[in-house]
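Here the structure comes first, spelled out in structure tokens, and everything after it is commentary.
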Protein chains: 2
Amino acid sequence: MDHLDEFDRHLLNLLSIDSRQTGKQLAEKIGLSPAACLRRVQRLRDIGAIEKEVAIVSPKVTGGLVTLLVMLELARGQPDLTDGLRRKLLKLPQVKKIYHVTGNADFVMILECASMEAYANLTEAHFYVDEIKGFDTIVVLRSYDPEPG
Amino acid sequence: MDHLDEFDRHLLNLLSIDSRQTGKQLAEKIGLSPAACLRRVQRLRDIGAIEKEVAIVSPKVTGGLVTLLVMLELARGQPDLTDGLRRKLLKLPQVKKIYHVTGNADFVMILECASMEAYANLTEAHFYVDEIKGFDTIVVLRSYDPEPG
DNA sequence: AACAGAATGCGAAATTATCGCAATTACGCG
DNA sequence: CGCGTAATTGCGATAATTTCGCATTCTGTT
């Protein structure tokens, strides 16, 4: 990955908060011409500094009214089994992210479910299996994202 | 939030994977004219179905070589103090997300730091304050995302 | 100090988004 | 059923944005 200067970092910062800014808007904020900004952005895409650009869809629309953090403790022993488990869990539409972590838990998952009952059903269907020794659920009351700045 | 039909859901799905598609591209995929697609997308933005559009920056670039989950336990008492704390933490570039949660912890934060030492410095600078009673750190060994599709 | 490579700004050309408008569709209500 | 209203569509035309070529400026090296 090539070298990035301050302009590049500034652009990445701006676009990571709002990727729909025009060259002109970017130009005013970082002090380059619109064309130079867009050339740099295109380059950032080409070299992979910008992995992708996506729309964040409201959980209300996706049906995810409840966000949950689940700490999964696995039965030790067979890496291939946990691999299969992980892949299975990642296929569930409620699963937004899985972290393999240190500590008591082996996995931390981020879920979005339509309701607590939907989550209860999910746990019954997927968490009471041999590979999983136990799990802790943390309910998210509210989430906060970094602000533009 | 208004009603969304199949076209809207299809658009949301497409844009949540790649928000940089032109009206023409969207039109070919969902079977409407480019103008109709873009009008619908604009409406999805207006009603908040699309919360925002962002660039995903490679962690290699952000310097985020280590991902951490931090469970913060706060000293109870003053909601305004914790509000200020939260806002302060959200301003740190390492902080990617803060969840206000149920359970022993009050906040769960997702951090990306350049190194464990950088994280140690961050804890020393920000976690040893009156508002924070204690914290637990979970190191992410690897993260997994759902596949598109 | 000279040179080569890279990046810049400017303006033209191409692509894309937005707007107005007439026609079509969807739908509630008499 | 049929009418009328409101919403949505497609089709240009217009406006905005991006992309490109090119001469110039900046950078770093020998």
Which parts of nucleotides 12-21 of chain C does protein reach within less than 4.0 Å, heavy atoms only, written one letter per nucleotide 5' to 3' as B for base, S for sugar-phosphate only and - for none? ----SSB-B-

Measure from CG on A:Leu26 to C1' on C:dG9 and round the result to the nearest Å. 16 Å

With each end axis built from five pairs of C1' atoms, what bend angle do you get for the helix from C:dA1-D:dT30 to C:dG30-D:dC1? Round to 10°. 40°

Show the atom names and distances, to 0.1 Å, of all donor-acceptor pairs under 3.5 Å that link a side chain in residues 89-97 of chain B to residues at least two apart or in another chain.
from: B:Lys96; atom 1: NZ; to: B:Pro93; atom 2: O; distance (Å): 3.1
from: B:Lys97; atom 1: NZ; to: A:Asp145; atom 2: OD1; distance (Å): 3.2

Across all chains, not counting sequence neighbours, the side chain to side chain donor-acceptor pair (under 3.5 Å) partners of A:Glu112 are none

Of all residues at least two apart in sequence or in a different chain, which pass the side-chain contact (heavy atoms from CB on, under 4.5 Å) check with B:Asn104? none

Covered region of DNA chain D, 5' end to 3' end, by chain A [heavy atoms, under 4.0 Å]: D:dT17 to D:dG21

Contacts under 3.5 angstrom, residues 128-140 of chain A side chains, donor-acceptor by atom type, not counting sequence neighbours:
from: A:Lys133; atom 1: NZ; to: A:Glu73; atom 2: OE2; distance (Å): 3.4
from: A:Thr137; atom 1: OG1; to: A:Tyr119; atom 2: OH; distance (Å): 2.5

Take the protein atom CG of B:Leu32 and the nucleotide atom P of C:dT25, then report the distance between them rounded to whole Å. 14 Å

Round to a whole Å and report the spacing from CD of B:Glu6 to P of C:dA26. 15 Å

Members besides B:Leu81 in its Ile/Leu/Val/Met/Phe/Trp/Tyr cluster (side-chain heavy atoms under 4.5 Å): none

Which pairs count as ring-ring contact (aromatic ring centres under 6.0 Å, His included) when at least one residue sits in residues 69-100 of chain B, sequence neighbours excluded? B:His100-B:Phe107

How would you list, by chain and number, every residue that makes a side-chain contact (heavy atoms from CB on, under 4.5 Å) with A:Asp83, sequence neighbours excluded? A:Arg86, A:Arg87

Sequence neighbours left out, what passes salt bridge (Lys or Arg N to Asp or Glu O under 4.0 Å) with B:Asp8? Give chain and number order. B:Arg40, B:Arg43

Using a strict 4.0 Å threshold on nitrogen-to-oxygen distance, state whether A:Arg45 and A:Glu51 make a salt bridge. no

Under 3.5 Å donor-acceptor pairs involving side-chain atoms of residues 29-39 of chain B, not counting sequence neighbours:
from: B:Lys29; atom 1: NZ; to: B:Gln21; atom 2: OE1; distance (Å): 2.5
from: B:Ser33; atom 1: OG; to: B:Ala36; atom 2: N; distance (Å): 3.2

